[in-house]
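A quick write-up on the structure given underneath.
Any value given below was found using the heavy atoms of this structure, including those in side chains, with hydrogens, waters and symmetry copies removed. So you know, we letter chains A, B, ... as the sequences are listed, proteins then strands, and number each from 1.
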Amino acid sequence: MDIERYGKFLIFKFEEKILLSHLRMEGKYYLAHYENSSYQKGLTYQPEEEDSKFNKHVHLVFEFTDESLLLYHDVRKFGRFYLFTYNDYLTNPRSPLVKLGHEPFNEKDGTYLYSKAQKFKKTTKELLLDQSVLVGIGNIYADEICFLAKIPPQKSAFTLTKEDCDLLVSKTQEVLNKALELGGSTVRSYHFANDASGRFQNELNVYGREGEPCYLCGTPISKTKIGGRGTHFCAHCQQELPSKKIRVIGVTGLISAGKSMVSSAFQKAGYHLVDADQIAKDCLVKGESCYQKVLETFGREILRSDGEIERSKLREIVVKDEVALTKLNSLIHPEVEAVIVEKIKDERKCFLLDVPLLFEAGLDKLCDLTIFVNTHEKVRRKRLIARGTMPLKEAAKLNSSLLEAIKKMAKVDVIIDNSLTREATDFQVKSLIEKIRQLNLISK
DNA sequence: CTGTAGACTTGGACCA
DNA sequence: ATATTCCAAGTCTACA
């Protein structure tokens, strides 16, 4: 009997039938013999004790004529089998082999990948994971390949250049070869059939390293979701700026993420700060643009004795009532936008807009560049509690959820990761400011 | 059609 | 400590 491999599929060539086997994440094969177990030929399989290879996770037993056994073991029952004939296993529309793309080891350069990328409507990471493009790349390796190629995983695949694709193909070969050499990546419960572990997990640059410093630049590794998959990357090493003059920059991020740290660095570099929260506060002052409208909507009970709006009372109302929050926003946002538009008119000056709800309020359209200040969720919680100004539950409601943060991460041009040390954050901000300066020198 | 979400599966990590 | 909820993986299927 012959066994071949195509992509992630094993092809068992039996006398009459073709059996395709996909191990998915934890499937594995063990060789065994009758004499080592109470297994009896042709009988319904009875699992033995836990520590035996013949345990409850064996779901399929092959009996060979020489009385040897092949056990299929899969804790997650995630693996899949397909049965075909020699005539149709490569042509049957139901055969998973039909849809498979190229073997990355056979690619001389990025020509083929480039041709696929141009028609591909999703991200670079999804391109790499798509088995109809290149076979064999899983989630861990896709992240590692993007890192080594210094390409943001969220980059639209159709914007990849031929050179990007050359690089991606060569890094794919590099990563897969290295992984093969070291016996794969043993993370969580992935294990070899001989119970040994792979060693490639020790070589991982980004996967599973959220919040830990990048080995190249010290920036904490960011994590987001792309195509439904956890995705790890270095926001500094895998960064791409828009190729236009950058005069107005919008910065956003969850509460306690460190926006103010970023804005003060930009201020030092000569940017004029436009603080949306402050503008919103100002227009609620008695006699200012939003005062009367808000009063009409929410009634006099939000007023202090001196006739000013008590903002904490307003907050209490909108925290509980989503409709009220929407209404309040619809009153304030246009006013804030008008003030900002007026403030950033001077073409000779550069501005940094600090806007917590940059995308929700549609103010990103005023910006040449958008920044999201990211923080590992655990770190953010700690800082929020340490700050002690607001109960955590209330803060959680006031802020967009982590899920929304993940969506924003896909929208912004630049991510600054503030999960680790002040130095690491400073480094990212300074190098970003320098990159923008260089870019603007060329664009002028 | 395209794009997203869910189903499948289960042990471990994490939070309350 | 114990129970609970979420998460990870790769691919197919269901649905808007």
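Taking the six-membered ring for Trp, A:Y72 and A:F81 have ring centres closer than 6.0 Å. If you look at A:F12 and A:F62, their ring centroids are closer than 6.0 Å. Ring pair A:F78/A:H22: centre-to-centre distance not below 6.0 Å.
Within a 6.0 Å sphere centred on CD of A:E4, heavy atoms belonging to other residues, nucleotides or ligands number more than 12.
Checking the phosphate oxygens (OP1, OP2) of C:dC7, no side-chain nitrogen or oxygen of A:K223 falls inside 4.0 Å. For the OP1/OP2 pair of C:dT11 and a distance below 4.0 Å, the side-chain nitrogens and oxygens of A:Q131 include at least one atom meeting the criterion. Phosphate proximity of C:dG10 to A:Y141: absent, as no side-chain N or O sits under 4.0 Å from OP1 or OP2. The shortest distance between the side-chain N/O atoms of A:H22 and the OP1/OP2 oxygens of C:dG10 is not below 4.0 Å.
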Within the sub-3.5 Å range, which N or O atoms of nucleotides 3-8 of chain B have a protein N or O partner, and how far apart are they?
none

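Using a 4.0 Å heavy-atom distance criterion, A:G138 is classed as a sugar-phosphate-only contact.
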Dot-bracket for DNA chain C: what is it, with Watson-Crick or G-U pairs under 3.5 Å, [ ] where a pair crosses earlier ones, and | for a pair to another strand?
.|..||||||||||||
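Side-chain proximity of A:Y207 to C:dT11, C:dC12, C:dA9: nearest is C:dA9. Nearest to the side-chain atoms of A:R76 among the listed nucleotides B:dT9, C:dC12, C:dG10 stands B:dT9.
A salt bridge links A:K365 and A:E337; the closest N-O separation between the charged side-chain nitrogens and carboxylate oxygens is under 4.0 Å. Salt bridge annotation for A:R315-A:E310: absent, with no cationic side-chain nitrogen under 4.0 angstrom from a carboxylate oxygen.
Side-chain atoms of A:S243 do not come within 3.5 Å of backbone N or O of A:L241 as any donor-acceptor pair.
Between A:Y30 and A:H73, the ring planes are perpendicular. Angles over 60° get that label, and only those under 30° would be called parallel.
As rounded to whole Å, 10 Å separates atom C1' of B:dT9 from atom CD of A:E26.
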